[in-house]
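Just below is one structure, and these are the notes that go with it.
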Amino acid sequence: MNAVNTVDTVEAVNDVIRVLLADDEAMIRAGVGAILAAGGGIEVVAEAGDGREAVSLAQAHRPDVALLDVRMPRLDGLAAGEEIVRTVPGTAVAMLTTFSEDAYVARALGGGATGFLLKSGDPHELIAGVRAVAGGAAFLSPKVARHVIDGFGARRMGRGVEARARVEALTPRERQVLGLVGAGLSNPEIAARLHLVEGTVKAYVSAVLDRLGVKNRVRAAIVAYEAGLVPDPD
């Protein structure tokens, strides 16, 4: 099920993906930075040791991706992520942590993050996640995605009725775009699939988020999944 988990590499708009890395442990920052550098096409342009510094550096450097640890001094990563989403809208936020508790995931996604990665995950997963959120897609670590799916699965029938009612307000094309967002496709991939220009897809996605009243693509993907709009894999 790919409604909230994109595992395919997504090309960033720019040749090099610029990343802000925030973690209160210097060794973790060094290790994560080395993994990202090894992936090619990713550059760590700034490092922060706490949440407040992360917000300031994001505002100064305007990176493509802010990769934030959840637990940091002065300001935790969840609050820092919300502030970055609010003040640096061109920066995608992804959480990087050893914790996958539902409360963390729910708050991160509700605050506008589009990625949630585990430090215990495969290095290739980390690289793929950064590329995915930089390209406008959503990415959850497989273990995190399982939490989300299981949590929503218990309430799926009731929520499905609600979701289907919500998508009734969308046009047929908007529902088609929403289904592809739910499948984890980025804007360029949706454009190629539907034979549209990328700018048109971006406009459709913005309209869908607005009409559904959701903050980001992850929330839209969940609605698509619950409404049964996600197409089967090719």
Side-chain angles (χ1 to χ4, degrees), residues 4-5 12 16-39 42-134 136-148 151 214-219:
V4 291
N5 180 30
V16 176
I17 299 170
R18 302 171 65 254
V19 174
L20 160 67
L21 177 58
D23 194 292
D24 59 337
E25 296 187 35
M27 289 185 66
I28 295 294
R29 295 199 304 271
V32 171
I35 290 171
L36 295 178
I42 302 174
E43 178 186 3
V44 176
V45 296
E47 295 186 16
D50 62 65
R52 292 197 185 281
E53 185 181 14
V55 173
S56 295
L57 289 174
Q59 293 169 343
H61 292 272
R62 300 194 173 272
D64 301 303
V65 178
L67 190 57
L68 312 174
D69 184 28
V70 168
R71 293 188 173 181
M72 291 189 291
R74 299 181 69 201
L75 188 69
D76 66 40
L78 298 170
E82 293 170 357
E83 185 67 9
I84 291 171
V85 167
R86 187 181 69 83
T87 61
V88 196
T91 295
V93 171
M95 310 309 301
L96 177 64
T97 183
T98 55
F99 307 97
S100 60
E101 284 89 340
D102 292 346
Y104 289 140
V105 178
R107 182 177 166 191
L109 301 183
T114 53
F116 203 104
L117 303 163
L118 297 181
K119 293 178 182 178
S120 58
D122 188 285
H124 295 292
E125 182 183 302
L126 173 62
I127 294 168
V130 169
R131 287 178 174 164
V133 298
F139 189 102
L140 301 184
S141 256
K143 290 182 180 179
V144 176
R146 190 75 263 160
H147 273 293
V148 173
V214 296
K215 292 182 178 180
N216 57 52
R217 296 172 77 101
V218 176
R219 291 294 182 182

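Note that the structure is a prediction, hence the values are computed from the model and not measured.
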Find out whether [X] and [Y] are in side-chain contact, i.e. whether some heavy atom of one side chain is under 4.5 Å from a heavy atom of the other.
{"X": "Ile42", "Y": "Val19", "result": "yes"}
{"X": "Leu78", "Y": "Val70", "result": "yes"}
{"X": "Leu117", "Y": "Ser141", "result": "yes"}

Do you know the tightest heavy-atom contact between [X] and [Y]?
{"X": "Ala108", "Y": "Met95", "result": "CB-CG, 3.7 Å"}
{"X": "Ala48", "Y": "Leu57", "result": "CB-CD1, 3.9 Å"}
{"X": "Val45", "Y": "Pro63", "result": "CG2-CB, 4.3 Å"}
{"X": "Ala94", "Y": "Val133", "result": "CB-CG2, 4.4 Å"}
{"X": "Val16", "Y": "Glu43", "result": "CG1-CB, 3.7 Å"}
{"X": "Ala46", "Y": "His61", "result": "CB-CD2, 3.8 Å"}

Check: After noting the C-alpha distance and the side-chain angles of Arg71 and Thr97, does the key distance pass the side chain to side chain contact (heavy atoms under 4.5 Å, CB included) rule?
Finding: CA-CA 8 Å; Arg71 293 188 173 181; Thr97 183; 5.7 Å; no
Rounded to the nearest 0.5 Å, what separates atom [atom1] in [X] from atom [atom2] in [Y]?
{"X": "Met72", "Y": "Arg52", "atom1": "CE", "atom2": "CZ", "value": "11.5 Å"}
{"X": "Leu21", "Y": "Arg29", "atom1": "CG", "atom2": "CZ", "value": "7.0 Å"}
{"X": "Ile35", "Y": "His124", "atom1": "CD1", "atom2": "NE2", "value": "9.5 Å"}
{"X": "Ile84", "Y": "Arg86", "atom1": "CD1", "atom2": "CZ", "value": "11.5 Å"}
{"X": "Arg131", "Y": "Leu36", "atom1": "CZ", "atom2": "CG", "value": "9.5 Å"}
{"X": "Asp50", "Y": "Leu68", "atom1": "CG", "atom2": "CG", "value": "11.5 Å"}

Next item on the list: Look at the side chain of Arg62 and the backbone N and O of Gly90, then say whether any donor-acceptor pair between them is shorter than 3.5 Å.
Entry: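 No, the answer is negative, given that no donor and acceptor are paired below the 3.5 Å cut-off.
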Notebook entry, point to check: Among Leu126, Val44, Val93, which one satisfies side-chain contact (heavy atoms from CB on, under 4.5 Å) with Leu67?
Noted result: Leu126
Margin query: side chain to side chain contact (heavy atoms under 4.5 Å, CB included), that's the test. Do Thr91 and Leu20 meet it? Break it down for me.
Written below: CA-CA 9 Å; Thr91 295; Leu20 160 67; over 6 Å; no
Item checked: Ion pair Asp69/Lys119, N-O distance below 4.0 Å -> yes
Next item on the list: Kindly indicate, with the supporting measurements, whether the criterion side chain to side chain contact (heavy atoms under 4.5 Å, CB included) is fulfilled by Asn216 and Val85.
Entry: CA-CA 10 Å; Asn216 57 52; Val85 167; over 6 Å; no
